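Working notes, structure below.
For this chain, numbers begin at 1 and follow the sequence in order. Values in this document were obtained by computation on a predicted structure and should not be read as measured data.
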Amino acid sequence: MSVVAPRARVFLLLAAVAVCVAPGGHGADTRARAADAPNVSEFEFHRDHVIGTSLDLCVVAPDEPTAEAAELTVLNEIERLRTILSTYDATTEISKVNRTREPVPVSHELIEVLRAYEQWQLKSGGAFHGQVGDLVRVWKEGERAGRVPEAVVLDRIAADLKRPGFKLDTDARTVTRLTDQPLNLNAVGKGYIIAKAADAVRKAHPAVTALLINLGGDILAFGSPPGGTGWAVGVQNPFTAFDNAAPVAGLRVTNQAVATSGDYQRFYTIDGKRYSHIFDPRTGRPADGVSSATVVANDNVTANALATTLCVLKPEEGLKLVAGVPGAACLIITSDGKQIRSPGLKLFELAPARFALPQDNKDEKKADPWPAGFQVTVAVELPKVEAKRYRKPYTAVWIEDDQGKAVKTLAVWGNAPKYLKTLRDWWKIGKGDGDLVKAVARATRGPGKYDLAWDGKDDKGNPVSQGKYVVRVEVHREFGDDVTQRGEIECKDKPAVVKLDKNTEAAETVVEFKKVGKK
């Protein structure tokens, strides 16, 4: 989702999660740019609730009908592969395999994915595994019961995972499970789907000269946008995982894949302690020590497999593994915040200065200064809408003081100027000024849910005083309503919570003023 940050040119390149928002329901956003290929333009689309996450798509094509046809091709291919690889649907091929120990006829796509798991399990020394479904089950049960799974149970599963888990018969095209451990393809399934979707576009729409697909933070880029030398991709900071937070690093890629895995977006909470959803199959315990791992690779399956594996291995082991994979590079961020880069990352990484934040005006004295260590968080949810051609509506989230004066725009989703003005209340202050987000590689999160943070600074980067502030959320959709949510919250010396009532376009928005704590 593209984000426009009016008057606050906080980052030159990247400020939020996802890619290239389409003007919800208004048709594709067309932004022709000066380019070496003057007869193509960039068209941008966004959809939520696509295989349990969000889809952002940038298509470089000669016209809008071609771009929209490419979008439909991507969606159709994703749905086709979902019916093969999803463990959340009892009718899929993988679900049928998980219900029996007998041979099950399957497609060549499922065999390809399982071959990849075999290869990466071997390459990783068992740190990567495709049969962690039983571990997922016992840790979910432990979270519900409020206690960590018993060691004897985890040891039994880990021992089981050391045995061959399945047998592939390529000639008969069947899969046979050899143990009771269910198959779980989440680690590379999404990457495989992205790659196949891009292949489908290239085959069906040769006029498409470049494409960027971001499926829940996993990214494929081929070609370059008009006038560019590659696609700009940010890397989410695992310690400030808000949709409007500054990325920790930036990459420029073309004809590459980018994937991020981490313990910060999905996890289990037991007795007040967080446990990663990424497991070490060798022990049955959640991985620890690495908060996130981002990988650039020549293909999505490799990027996904490496990103997951790097969260399990020690950093020095992970760097050694990456060094043996042609074309791969990585950024590992440890739990204590240390950033570890493979030597090859310098080929893709943008200058750190591109991501510098504005400095505080230390000479400016404020009465009743903003309380140290506090921030406002805003949890926005745009629910699923059952409509054939539905795309994300235009949405603005901003802060006003108690006199109604705009202080800070946190995010605006939708980047076509001619449609931004349909956000009537926000347009009075925004006027379409802002910086464009291209893409941010991040750990997968749920669809339609966006978390924003305000650190008590205005659009110029200056700290504000403590006091009462108003949070505004405005949503507009074609053939829908222009609706707003509004709530006042006191930002002084103690926590506060306000909930903004749901409406026809947005679910209940939760606003909290609280002290920033560690995970």
| query | Asn214 and Leu212: side-chain contact (heavy atoms from CB on, under 4.5 Å), yes or no, with the steps? | reply | CA-CA 7 Å; Asn214 183 346; Leu212 182 71; 5.6 Å; no
| message | With side-chain contact (heavy atoms from CB on, under 4.5 Å) as the criterion, how do Val258 and Gln256 come out once you've worked through the C-alpha distance, each side chain's angles and the decisive distance to 0.1 Å? | response | CA-CA 7 Å; Val258 184; Gln256 273 111 14; 5.5 Å; no
| said: Quick one, Leu410 with Val376, criterion side-chain contact (heavy atoms from CB on, under 4.5 Å). Give me CA distance, side-chain angles, the key distance, then yes/no. | reply: CA-CA 11 Å; Leu410 302 185; Val376 173; over 6 Å; no
| query | Stepwise, does the side-chain contact (heavy atoms from CB on, under 4.5 Å) test hold for Val380 with Val397? | reply | CA-CA 9 Å; Val380 179; Val397 184; 4.2 Å; yes
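A donor-acceptor pair under 3.5 Å is absent between the side-chain atoms of Glu490 and the main chain of Phe513, judged by distance alone. Remark: side-chain polar atoms of Ser276 are not paired, donor with acceptor, to backbone N or O of Phe267 under 3.5 angstrom. Side chain of Asn462 to backbone of Lys457: no donor-acceptor contact under 3.5 angstrom is found. Between the side chain of Gln485 and the backbone N or O of Asp501 there is at least one donor-acceptor pair closer than 3.5 Å.
Side-chain atoms of Val498 and Glu488, non-hydrogen and from C-beta on, never get closer than 4.5 Å to each other. Side-chain contact between Glu512 and Thr377: present, with at least one pair of heavy atoms (C-beta onward) separated by less than 4.5 Å. Taking the side chain as every heavy atom from C-beta outward, Thr269 and Glu143 approach each other to under 4.5 Å. Between Val248 and Gln339, some side-chain heavy-atom pair lies under the 4.5 Å cut-off. Using a 4.5 Å cut-off on side-chain heavy atoms (C-beta onward), Cys491 and Gln466 make no contact. The closest side-chain heavy-atom distance from Arg47 to Leu75 is below 4.5 Å. A heavy-atom distance below 4.5 Å is not found between the side chains of Thr229 and Thr254. Residues Phe45 and Leu55 are not in side-chain contact: their nearest non-hydrogen atoms beyond the backbone lie 4.5 Å or more apart.
Residues Asp218 and Ile194 share a closest heavy-atom pair of O-CD1, 3.3 Å. In terms of heavy atoms, Trp398 sits closest to Thr409 at CB-CA, 3.8 Å. Here the closest heavy-atom approach between residue Ser342 and residue Cys330 is recorded as OG-N, 2.9 Å. In this structure, Glu42 and Trp231 approach most closely via the heavy-atom pair OE2-CZ3, 4.0 Å. Residue Gly230 comes nearest to Arg252 through the heavy atom pair O-NH1, 3.3 Å, listed as atom of the first residue, atom of the second, then distance. Taking every heavy atom of both residues into account, Ser465 and Trp370 meet most closely at O-CE3, 4.0 Å.
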Under 3.5 Å, sequence neighbours excluded: what are the donor-acceptor pairs made by side chains of residues 306-317?
unit_1: Thr308; atom_1: OG1; unit_2: Ser261; atom_2: OG; d: 3.4
unit_1: Thr308; atom_1: OG1; unit_2: Asn304; atom_2: O; d: 3.2
unit_1: Thr309; atom_1: OG1; unit_2: Ala305; atom_2: O; d: 2.7
unit_1: Glu317; atom_1: OE1; unit_2: Lys314; atom_2: N; d: 3.0

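The aromatic rings of Tyr469 and Trp454 sit perpendicular to each other, their planes meeting at more than 60°, with 30° as the lower class boundary.
Atom CD1 of Ile489 is separated from atom NZ of Lys499 by 12.0 Å, given to the nearest 0.5 angstrom. The NZ atom of Lys468 sits 11.5 Å away from atom CD of Gln403, with the distance rounded to the nearest 0.5 Å. In this structure, CG in Leu345 is found 6.0 Å from CG in Leu251, a value given to the nearest 0.5 Å. Separating the CG atom in Leu215 from the CG atom in Leu220 is a distance of 11.0 Å, to the nearest 0.5 Å. Once rounded to the nearest 0.5 Å, the distance linking CD1 of Ile333 with OG of Ser292 reads 3.5 Å. Here the NZ atom belonging to Lys494 is positioned 11.0 Å from the CZ atom belonging to Phe374, to the nearest 0.5 angstrom.
Within a 6.0 Å radius of CG in Asp271, no more than 12 heavy atoms belonging to other residues, nucleotides or ligands are found.
In this view, Asp451 satisfies the salt bridge (Lys or Arg N to Asp or Glu O under 4.0 Å) rule with no residue, not counting sequence neighbours.
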